[in-house]
Amino acid sequence: MIQSSARVRTVVYLSLLLLFFSVPHTLEDFATGEPAKAGVPAPVLATVVSTVLALQALGLYWLGQKERRGLFAHVAVGLFWPVASGVAQGPALLSGMPYRAGWISVLYVVGILVIGVLLLVLSLLALRASRTQE
């Protein structure tokens, strides 16, 4: 059981904000055929993304129930999105070539990277603080 704190509330806000960037970016991936271009079958990517989104939703639920495992779920989500997005999109962004639909597509990826890292760090800090409360 965790106590509500500014860190836990921030984790919730960051999680919701991450959805703002990750959902449209994922839809854009499918609309532009990116999984096929990378040799990843669309059903595989769809399963991975839906699993991560389900974990994120479950993590939000657990945080609402004041359970520490909500923070663990958000550590995983905060690690997954920046790593996956950075590995998959980083080379294209750094190539200097125009990227998909322009600045909005770049904003999605940068948002995922920044918000994901912040989510990871704040979740770890909240876990550390909750451990000292026990």
Side-chain angles (χ1 to χ4, degrees):
M1 196 64 103
I2 58 174
Q3 293 180 353
S4 183
S5 69
R7 282 192 181 127
V8 172
R9 284 190 301 278
T10 303
V11 167
V12 170
Y13 298 143
L14 288 172
S15 181
L16 294 172
L17 190 56
L18 183 58
L19 289 171
F20 179 81
F21 292 99
S22 61
V23 170
H25 174 74
T26 301
L27 292 172
E28 184 184 50
D29 277 350
F30 284 106
T32 59
E34 289 302 313
K37 290 176 191 173
V40 178
V44 171
L45 185 59
T47 300
V48 170
V49 169
S50 61
T51 300
V52 173
L53 291 174
L55 177 63
Q56 188 172 356
L58 195 54
L60 285 167
Y61 171 78
W62 285 331
L63 288 178
Q65 299 297 311
K66 299 186 185 311
E67 295 183 28
R68 281 184 88 220
R69 59 186 168 172
L71 294 171
F72 285 108
H74 280 88
V75 166
V77 169
L79 183 61
F80 171 80
W81 279 115
V83 169
S85 188
V87 168
Q89 312 302 324
L93 284 174
L94 298 174
S95 73
M97 301 294 292
Y99 183 71
R100 293 189 189 170
W103 68 269
I104 192 74
S105 297
V106 173
L107 180 66
Y108 291 151
V109 176
V110 171
I112 289 170
L113 294 172
V114 171
I115 303 301
V117 169
L118 288 172
L119 181 63
L120 172 65
V121 170
L122 264 289
S123 297
L124 288 170
L125 289 172
L127 270 171
R128 189 170 139 232
S130 71
R131 189 177 60 201
T132 60
Q133 293 172 359
E134 293 176 351

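On a predicted model such as this, the values are computed, not experimentally measured, just so you know. One is the number of the first residue; the rest follow in order along the sequence.
The structure places CZ of Phe20 at 7.0 Å from OH of Tyr108, a figure rounded to the nearest 0.5 Å. Leu63 CG to Arg69 CZ: the interatomic distance, rounded to the nearest 0.5 Å, is 11.0 Å. Atom CG of Leu45 and atom CD of Glu34 lie 10.5 Å apart (nearest 0.5 Å). One distance of note links CZ of Arg7 with OG of Ser123; it measures 11.5 Å at 0.5 Å rounding. Atom-to-atom distance recorded for Leu120:CG and Leu18:CG is 11.5 Å, nearest 0.5 angstrom.
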Can you give me every donor-acceptor pair (side chain of residues 70-78, partner residue at least two apart or in another chain, under 3.5 Å) with its distance?
{"residue": "His74", "atom": "ND1", "partner": "Gly70", "partner atom": "O", "Å": "2.8"}
{"residue": "His74", "atom": "NE2", "partner": "Ser15", "partner atom": "OG", "Å": "2.9"}

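Met97 and Trp103 end up in different hydrophobic clusters when Ile, Leu, Val, Met, Phe, Trp and Tyr side chains are linked at under 4.5 Å. Connection of Val23 to Val83 is established within a shared hydrophobic cluster, with ILVMFWY side chains joined at heavy-atom distances below 4.5 Å, either directly or through further cluster members. Note on Leu14 and Leu58: separate hydrophobic clusters, where clusters join Ile, Leu, Val, Met, Phe, Trp and Tyr whose side-chain heavy atoms are under 4.5 Å apart, directly or indirectly. In the hydrophobic clustering of this structure, Trp62 does not group with Tyr13; members are Ile, Leu, Val, Met, Phe, Trp, Tyr whose side-chain heavy atoms approach within less than 4.5 Å, directly or through other members. When hydrophobic clusters are built by joining Ile, Leu, Val, Met, Phe, Trp and Tyr residues whose side-chain heavy atoms come closer than 4.5 Å, directly or via intermediates, Val11 is not grouped with Tyr61.
Using a 4.5 Å cut-off on side-chain heavy atoms (C-beta onward), Arg131 and Arg68 make contact. Counting only heavy atoms from C-beta outward, the side chains of Val49 and Trp81 approach each other to under 4.5 Å. For the pair Leu53/Leu19, a side-chain contact is recorded, criterion being any heavy-atom separation below 4.5 Å from C-beta on. Counting heavy atoms from C-beta outward, Phe21 and Leu107 have side chains that approach closer than 4.5 Å. Between Leu127 and Ile2 there is no side-chain heavy-atom pair separated by less than 4.5 Å.
Residues Phe30 and Ala42 come closest through the heavy atom pair CE2-O, 3.8 Å.
Just one of Val117, Ile115, Leu119 meets the side chain to side chain contact (heavy atoms under 4.5 Å, CB included) condition when paired with Pro82; it is Val117.
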Stepwise side chain to side chain contact (heavy atoms under 4.5 Å, CB included) check, Tyr99 with Val109:
CA-CA 11 Å; Tyr99 183 71; Val109 176; 3.6 Å; yes
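Salt bridge status for Arg100 with Asp29: present, with a side-chain N to carboxylate O gap under 4.0 Å.
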